[in-house]
Amino acid sequence: MTPLNLIETLIGIVGPSHVLTGDDADSYEQDWRRRGRGKALCVVRPGSTDQVARVVKACSEHGVAIVPQGGNTGLVGGSIPDGSGTQVLLSLRRMIAVRAIDPQNMTMTVEAGCVLQSLQEAADQAGFLLPLSLGAEGSCTIGGNLATNAGGTQVLRYGNARDLCLGLEVVTPQGDVWEGLSGLRKDNTGYDLRDLFVGSEGTLGVITSATLKLYPKPAAQLTAWAALASLEDANRLLGLAHRRAGASLTGFELMNRFSLELVDKHYPHLRVPMWREHAWCVLIEISDAESELHARGLLEQLLENAFEEGLVADAIVAENLKQVHDLWHIRESITLAQTEEGFNVKHDISVPVSRIPEFVRQADAALSAALPGVRFVTFGHLGDGNLHYNIQAPAGSDAPTFVTAHEAAISTLVYDLVSQHAGSISAEHGVGELKRHKLPQHKSAVALNLMRAIKSAIDPLNTMNPGRVLESST
Ligand SMILES: Cc1cc2nc3c(=O)[nH]c(=O)nc-3n(C[C@H](O)[C@H](O)[C@H](O)COP(=O)(O)OP(=O)(O)OC[C@H]3O[C@@H](n4cnc5c(N)ncnc54)[C@H](O)[C@@H]3O)c2cc1C
């Protein structure tokens with residue numbers, strides 16, 4: 001069979017307007033960071049699980065590889081095809097049905113192509129909270145979120161995408177449908193297949209639908225912004241916030257001075273508070289089951305105690321919902337502000353919260369010694385021990401040239417230090433294409449062998465997103 005035969009078969013399954021080639025495929029072939037571009041045999045856009053199954057079966061019969069894609073906001077190059085022009089890019093973006101909401105079970109069952117924000121809105125309209133929230137929520141899909149086990153800003157309280165998923169429907173690499181859309185919170189009937197597919201980055205199958213946990217909507221969400229002198233103080237404040245707020249603490253975000261300086265420089269209208277005078281700022285979010293008054297009392301008491309203990313140099317509590325959104329908007333603009341400044345070397349790492357100050361001190365010192373003048377865009381989800389530790393070229397130097405010349409050495413240094421601090425080289429973005437060659441140095445041989453055994457048992461022909469997460473040859 002030739003590629004043309006396969007394209008004809010795919011057209012027969014999804015219709016001619018949903019098999020794209022040439023310029024029509026262009027936007028699917030470019031990754032979000034503009035670090036990579038692939039070339040697909042074609043883009044296929046099925047509209048139902050049955051169509052996904054038939055597409056996957058046809059590709060499997062032709063021995064043709066498939067790259068699943070949701071919103072294409074992934075940051076590790078796993079959602080675009082390679083450059084061979086032989087892979088089929090399977091876009092889930094037409095599968096956007098909310099199949100069911102079960103208010104008593106507090107679950108919603110949705111199709112993989114639903115954009116995260118639309119699901120937050122659907123949950124809200126039904127009187128619930130879907131507590132998965134990330135900067136890309138207006139574009140990323142729930143299928144992509146589950147395939148990457150996305151994190152975001154509320155992991156501290158509600159967990160990551162894995163923790164919010166009760167069941168999955170998956171098309172296997174052979175084109176069979178595993179209907180595992182359980183709404184059960186307890187089910188100990190053997191190996192957890194759901195947990196295998198969550199975080200598998202399209203290498204084990206195509207997620208077509210999921211049953212997600214919903215939560216009661218909090219009566220109020222309130223945010224404070226505080227300035228601190230050191231990371232040790234940030235950690236102590238985090239501990240205090242855990243003790244004072246308990247389960248009401250839903251977010252604790254950290255930002256260094258330079259990350260806020262970039263927001264101020266590129267988006268001056270956002271009016272970033274306190275960044276000039278202080279080395280670190282944190283954003284604290286409280287979700288309160290009682291009332292805004294109660295939330296305000298809690299936050300004010302927390303900050304008062306923090307001032308007494310000398311942890312906080314300055315602080316504000318948002319006056320109203322607009323200010324809450326404005327403060328979050330500043331935090332979420334860091335990602336784009338650093339892009340405006342030019343390419344940088346990104347790391348999405350985690351270490352135990354207790355080791356963050358030492359990690360940052362050692363990494364900053366080693367990199368400043370090796371590359372004088374480098375600038376540190378350090379921010380992230382301190383409450384989860386997850387930092388985006390990004391290295392910007394020295395002021396005035398050419399960013400792309402700097403990245404090309406130094407990326408490999410910088411990342412080796414950072415990841416070695418992460419391992420020394422018992423951390424992970426990918427906290428929430430996944431492995432994809434960009435980090436797969438790093439895994440053998442940072443995961444044990446036993447763990448890697450188990451991962452390879454799982455991959456070859458489920459996808460023996462290696463047609464599901466080959467070469468991502470694990471090297472193809474392994
Ligand atoms: C501005 C910005 C902010 C971000 N903030 C965060 C953050 O705070 N936390 C975080 O975790 N991530 C963050 N990300 C990264 C990204 O948004 C997440 O990884 C997201 O979960 C990807 O979803 P997607 O639908 O875009 O997936 P894609 O990018 O399309 O795909 C990602 C991976 O999942 C696979 N995949 C996609 N859909 C499926 C499916 N249905 N079945 C099987 N495999 C599939 C792909 O093959 C690929 O390997 C951010 C990205 C941007 C651009």
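We number each residue from 1, following the sequence as shown. What you see below is based on every heavy atom in this structure, not just the backbone, and it leaves out hydrogens, waters and symmetry mates. Order of listing sets the numbers, starting from 1, for every ligand and every atom in it.
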Top protein contact for [atom], by heavy-atom distance:
atom	result
atom 46 (C) of ligand 1	Pro68 O, 3.1 Å
atom 28 (P) of ligand 1	Asn72 N, 3.5 Å
atom 51 (C) of ligand 1	Thr73 O, 3.5 Å
atom 3 (C) of ligand 1	Ala136 N, 3.7 Å
atom 35 (C) of ligand 1	Ala147 CB, 3.7 Å
atom 27 (O) of ligand 1	Gly144 CA, 3.5 Å
atom 6 (C) of ligand 1	Leu134 CD1, 3.6 Å
atom 29 (O) of ligand 1	Gly74 N, 2.7 Å

Pick from Leu75, Leu146, Val52: the one approaching atom 50 (C) of ligand 1 most closely through a non-hydrogen atom: Leu75
Ion pair check, [X] and [Y], cut-off under 4.0 Å:
X	Y	value
Arg37	Asp26	yes
Glu201	Arg468	no
Arg99	Glu169	yes

Taking non-hydrogen atoms only, is [X] closer than 4.0 angstrom to ligand 1 via side chain, backbone, both or neither?
X	value
His429	side chain
Ile207	both
Thr141	both
Asn465	side chain

Main-chain N/O of Val324 paired with Thr223 side-chain donor or acceptor, under 3.5 Å: no
Would you say ligand 1 has an N or O under 3.5 Å from any N or O of [X]?
X	result
Cys140	no
Trp32	no
Glu428	yes

Could you tell me, atom by atom, which parts of ligand 1 come under 4.0 Å of a heavy atom of [X]?
X	answer
Gly202	43 (C), 44 (N)
Gly205	43 (C)
Ala150	11 (O), 21 (O)
Thr148	19 (O), 20 (C), 21 (O), 32 (C), 33 (C), 34 (O)
Asn145	20 (C), 21 (O), 23 (O)
Gly152	8 (O), 9 (N)
Ser79	28 (P), 29 (O), 30 (O), 31 (O), 48 (C)
Leu92	41 (N)

Flag if over 12 foreign heavy atoms under 6.0 Å of CZ, Arg271: no
Just by distance, no angles: are the side chains of [X] and [Y] close enough, under 3.5 Å, to form a donor-acceptor pair?
X	Y	value
Arg93	Tyr28	no
His18	Gln51	no
Glu137	Gln120	yes
Thr107	Asp102	no
Gln338	Asn390	yes
Thr412	Lys438	yes
Asn256	Ser259	yes

Ser139 touching ligand 1 at heavy-atom level, < 4.0 angstrom: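 Ser139 does not count as a contact of ligand 1 under the 4.0 Å cut-off.
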Whether Tyr267 and His269 hold their rings parallel, tilted or perpendicular, with breakpoints at 30° and 60°: perpendicular
Plane angle bin for His388 and His429 - parallel if under 30°, tilted between 30 and 60°, otherwise perpendicular: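 The arrangement is parallel - the two ring planes meet at less than 30°.
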Stepwise side chain to side chain contact (heavy atoms under 4.5 Å, CB included) check, Cys140 with Asn145: CA-CA 7 Å; Cys140 62; Asn145 299 148; 3.4 Å; yes
